[in-house]
Amino acid sequence: MIKAVVFDVDDTLYDQKAPFEAALAPILNLPQDFDLNMTFQTYRQQSSQAYAQVADGRWSQQEMAVKRLNTALLAQQLPAVDVQSALDFQRAYTTGLRQIELFPGLETALDQLSEQYQLGIITNGNTDAQLAKVMQLQMHRWLTRDTIITSEEAGLAKPDPQIFTLMNRKLNLRASEVAYVGDNYSMDVKAAKQAGWHAFWFNHRNLEIPDGQWIPDQTVTDSFELQDLLLALTAAYSEA
C-alpha cells in the first residue's frame, strides 16, 4: 500500500519550458510560434554533467553558460551565441524561475494528498537554487524541509537508486510504500522503479519511452490528468 508520494521539481511541479523559451526567444529573434522543445530537452539533459564540470573546477560559470546553451542550440541546428548573449539568457532564465507557479490542478491535489500521505521531494541540482524554487511554489504548505533531498546535499544524484533509498530512511517506509512523480523517464521513472518504488510518469512533453524494460505504473499527459491520478490516490486511501 502506498503511504508516501514524492515529487521531482523541474518540469514536474511547474512548467520549466516557459521561462526557458521566454529567455531565449529574444536572443535568437525567432518567430513567436517556433517550437524550442528539442533545444529545451537537450539543455535539461546536460544539467548534471554541466554542474559537475563547474564543481570540479574544469569550467567556470561563464564557460558553463556558453557551452551548455550552444550545445542545446546545436541539437536543433540553431546558430550558436556569443558569451554576452549566453549570459543575458542565463540572467533572464534565472529571473523567470523566480516567478514560477504550480501546474494547474496540483494545488487541489496536494491539499488532499497531504491529509493522508507523507509528501517529499527528490531533485537534482544546487541546494539553494532548488529550495528557492520549492519556496516560490509554496511547497512548504504541504511538506517539511526534512523530506526534501537535493543531489548536492546527498552527494547522490538521480538516476542513482540510492538517493531513493535515502528517502526511504527519512520517511521510515519500505520502497514498495512510496510512489514517485516525475517528468523524465530515465531520471525519474526508470530510477524509481530500480529502487523498488512505484513510478508515475508525468509525460506532458509527449516523449517516447527509450526502452521497454521499465514500465511506469501510471502515465498521464497533462496536469489535470495528474490531478485526477493524485486525487484517485486519496479516494483509494479512504476506501482502504
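Worth knowing before you read on, the calculation uses all heavy atoms, side chains too, and leaves out hydrogens, waters and symmetry mates.
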Mind running side-chain contact (heavy atoms from CB on, under 4.5 Å) on V81 and F89 for me, showing each step along the way?
CA-CA 10 Å; V81 299; F89 158 77; over 6 Å; no
Would Y117 and E177 satisfy side chain to side chain donor-acceptor pair (under 3.5 Å), going step by step from the backbone distance to the final call?
CA-CA 10 Å; Y117 293 88; E177 296 175 317; over 6 Å; no
Would L166 and R169 count as a side-chain contact (heavy atoms from CB on, under 4.5 Å) here? Give the steps.
CA-CA 5 Å; L166 178 59; R169 293 197 291 270; 3.5 Å; yes
Give the minimum heavy-atom separation between [X] and [Y], together with the two atoms involved.
X: G125; Y: S151; result: N-OG, 2.7 Å
X: P104; Y: S223; result: O-OG, 2.9 Å
X: L173; Y: A4; result: CD1-CB, 3.5 Å
X: L28; Y: P79; result: CD2-O, 4.3 Å
X: A75; Y: T42; result: CB-OG1, 3.3 Å
X: P210; Y: S186; result: CG-OG, 4.3 Å

Answer yes if [X] and [Y] sit in the same cluster of Ile, Leu, Val, Met, Phe, Trp and Tyr residues linked by side chain heavy atoms under 4.5 Å apart, and no otherwise.
X: F164; Y: V178; value: yes
X: V6; Y: M187; value: no
X: I149; Y: L131; value: no
X: I121; Y: L233; value: yes
X: V134; Y: M167; value: no

Distance check, rounded to the nearest 0.5 Å: [X] atom [atom1] versus [Y] atom [atom2]?
X: N124; Y: L156; atom1: CG; atom2: CG; value: 10.0 Å
X: W142; Y: L119; atom1: CH2; atom2: CG; value: 9.5 Å
X: D8; Y: K158; atom1: CG; atom2: NZ; value: 3.5 Å
X: L106; Y: E101; atom1: CG; atom2: CD; value: 12.0 Å
X: N168; Y: W197; atom1: CG; atom2: CH2; value: 5.5 Å
X: N184; Y: R44; atom1: CG; atom2: CZ; value: 6.0 Å

Would you check, one step at a time, whether the test side-chain contact (heavy atoms from CB on, under 4.5 Å) holds for T234 with E115?
CA-CA 9 Å; T234 66; E115 294 178 1; over 6 Å; no
Is K17 salt-bridged to D11, cutoff N-O under 4.0 Å?
no
Between [X] and [Y], is any side-chain donor less than 3.5 angstrom from a side-chain acceptor?
X: Q130; Y: T150; answer: no
X: Q99; Y: Y14; answer: no
X: D88; Y: S85; answer: no

Does [X] have more than 12 heavy atoms from other residues, nucleotides or ligands lying within 6.0 Å of its [atom1]?
X: R91; atom1: CZ; result: yes
X: N172; atom1: CG; result: no
X: Q162; atom1: CD; result: no

Any side-chain heavy atom of [X] within less than 4.5 Å of one from [Y]?
X: I209; Y: P216; result: yes
X: R141; Y: L110; result: no
X: F103; Y: L226; result: no
X: T123; Y: K133; result: no
X: H140; Y: M135; result: yes
X: L36; Y: L78; result: yes
X: L113; Y: F7; result: yes

Please verify the inter-ring angle class for Y43 with F20; under 30° counts as parallel, over 60° as perpendicular, anything in between as tilted.
tilted
Kindly determine whether Q136 and L97 satisfy side-chain contact (heavy atoms from CB on, under 4.5 Å), including the steps that lead there.
CA-CA 9 Å; Q136 172 63 27; L97 290 174; over 6 Å; no
Heavy-atom donor-acceptor pair, [X] side chain to [Y] backbone, under 3.5 Å:
X: Q194; Y: P161; answer: no
X: E152; Y: T127; answer: yes
X: S114; Y: D111; answer: yes
X: D217; Y: F200; answer: no
X: Q76; Y: T39; answer: yes

Only one of Y180, Y185, W214 passes ring-ring contact (aromatic ring centres under 6.0 Å, His included) with W201; say which it is.
Y185
When D183, D222, D15 are each screened for salt bridge (Lys or Arg N to Asp or Glu O under 4.0 Å) with R205, the one that passes is D15
